[in-house]
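Working notes for the structure below.
Chain identifiers are assigned alphabetically (A, B, ...) following the order of the sequence lines, protein sequences preceding nucleic acid strands; residue numbering begins at 1 within each chain. Quantities reported herein were computed from a predicted structural model and do not represent experimental measurements.
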Amino acid sequence: GAGVSQSPSNKVTEKGKDVELRCDPISGHTALYWYRQRLGQGLEFLIYFQGNSAPDKSGLPSDRFSAERTGESVSTLTIQRTQQEDSAVYLCASSPGAGRKNEQFFGPGTRLTVL
Amino acid sequence: GENVEQHPSTLSVQEGDSAVIKCTYSDSASNYFPWYKQELGKGPQLIIDIRSNVGEKKDQRIAVTLNKTAKHFSLHITETQPEDSAVYFCAAGSSGGYQKVTFGTGTKLQVIP
């Protein structure tokens, strides 16, 4: 079946512009995660959605970052007034949800470059 | 919160040799320890996981060991092959309701033919 998809695959933007990244999780997965991966580094947790519960936003680095999820489907990560330090690969993952197998299924990521 | 440290950051082995990657964690409440493999240009993919009620788990050429007392766990790859070359991430978290895990910083494994 279809895996997690993300769009765009690459995004180049100018400093100060807003960007919107999209994630389509696996159908039926109630949990969705966003991570940031800087070049050569590990995965930095940004935000977690689980069903209709309030999201865990504890990893968002600043108020320029926000994310939304419509029900148990698509999620968008928005970065306002982008800065050069926002350049990274943004990964989305989905998981079946609480009480079930924990495996996170990752998308291919969106590579963001801020000039 | 949880803090996961991973070593080494890079590892080169000859094809056929074994590779070992080690991680430590800080939160004694963590009970779920997955390992992910990330190939170039792709998202990480789960290769094996272990829960705190067991000390070792094997799946063909890969195995993971867990020492809860010392709060460390390791990935062992035997008979390495060139296709094992990738970045490997360990993680620690809870297998209960909230599934958030904390990832290590990754190990770039190179298997030399």
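B:Pro44 touches chain A through backbone and side chain together, each having a heavy atom under 4.5 Å away. Contact annotation for A:Leu91: only side-chain heavy atoms (C-beta onward) come within less than 4.5 Å of a heavy atom of chain B. Contacts of B:Gln6 with chain A are absent, with no heavy-atom separation under 4.5 Å from either backbone or side chain. Looking at A:Phe105, there are no atoms closer than 4.5 Å to chain B (heavy atoms on both sides), in backbone or side chain.
Linking Ile, Leu, Val, Met, Phe, Trp and Tyr residues whenever their side-chain heavy atoms come within less than 4.5 Å places B:Leu11 and B:Ile48 in a single cluster. Cluster membership for B:Val101 and A:Leu60, using ILVMFWY side-chain heavy atoms within less than 4.5 angstrom, is not shared. There is a path of hydrophobic side-chain contacts, each under 4.5 Å, that joins B:Ile50 to B:Tyr25. Cluster annotation: A:Val89 and A:Val4 are assigned to distinct hydrophobic clusters (Ile/Leu/Val/Met/Phe/Trp/Tyr, side-chain heavy-atom contacts under 4.5 Å, transitive). Under the 4.5 Å side-chain heavy-atom criterion for Ile, Leu, Val, Met, Phe, Trp and Tyr, B:Val13 and B:Ile47 are members of the same hydrophobic cluster.
B:Phe89 is listed as a side-chain neighbour of A:Leu43, based on a closest heavy-atom distance under 4.5 Å.
Annotation for B:Lys68: atom NZ counts as buried by contact number, over 12 foreign heavy atoms lying within 6.0 Å. Within 6.0 Å of CD on B:Gln45 lie no more than 12 heavy atoms contributed by other residues, nucleotides or ligands. Around CG of A:Asn52, the count of heavy atoms belonging to other residues, nucleotides or ligands within 6.0 Å does not exceed 12. In this structure, B:Glu83 places its CD atom where more than 12 heavy-atom neighbours from other residues, nucleotides or ligands lie under 6.0 Å away. When the shell of 6.0 Å around CD of B:Glu79 is examined, it contains 12 or fewer heavy atoms from other residues, nucleotides or ligands. Counted within 6.0 Å of CG on B:Leu40, heavy atoms from surrounding residues, nucleotides or ligands total 12 or fewer; the atom is thus considered open.
At a heavy-atom cut-off of under 4.5 Å, chain A is reached by B:Gly104, B:Thr105 from residues 104-113 of chain B, listed in order of number. Proximity to chain B among residues 80-88 of chain A is not found for any residue, judged by heavy-atom separations below 4.5 angstrom.
With values rounded to the nearest 0.5 angstrom, A:Phe106 atom CZ is found 15.0 Å from B:Lys42 atom NZ.
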Steps toward side-chain contact (heavy atoms from CB on, under 4.5 Å) verdict (B:Phe103, A:Gln37): CA-CA 11 Å; B:Phe103 284 86; A:Gln37 186 175 31; over 6 Å; no
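Using modelled atom types, one side-chain atom of B:Tyr36 and one backbone atom of A:Gln104 make a donor-acceptor pair closer than 3.5 Å.
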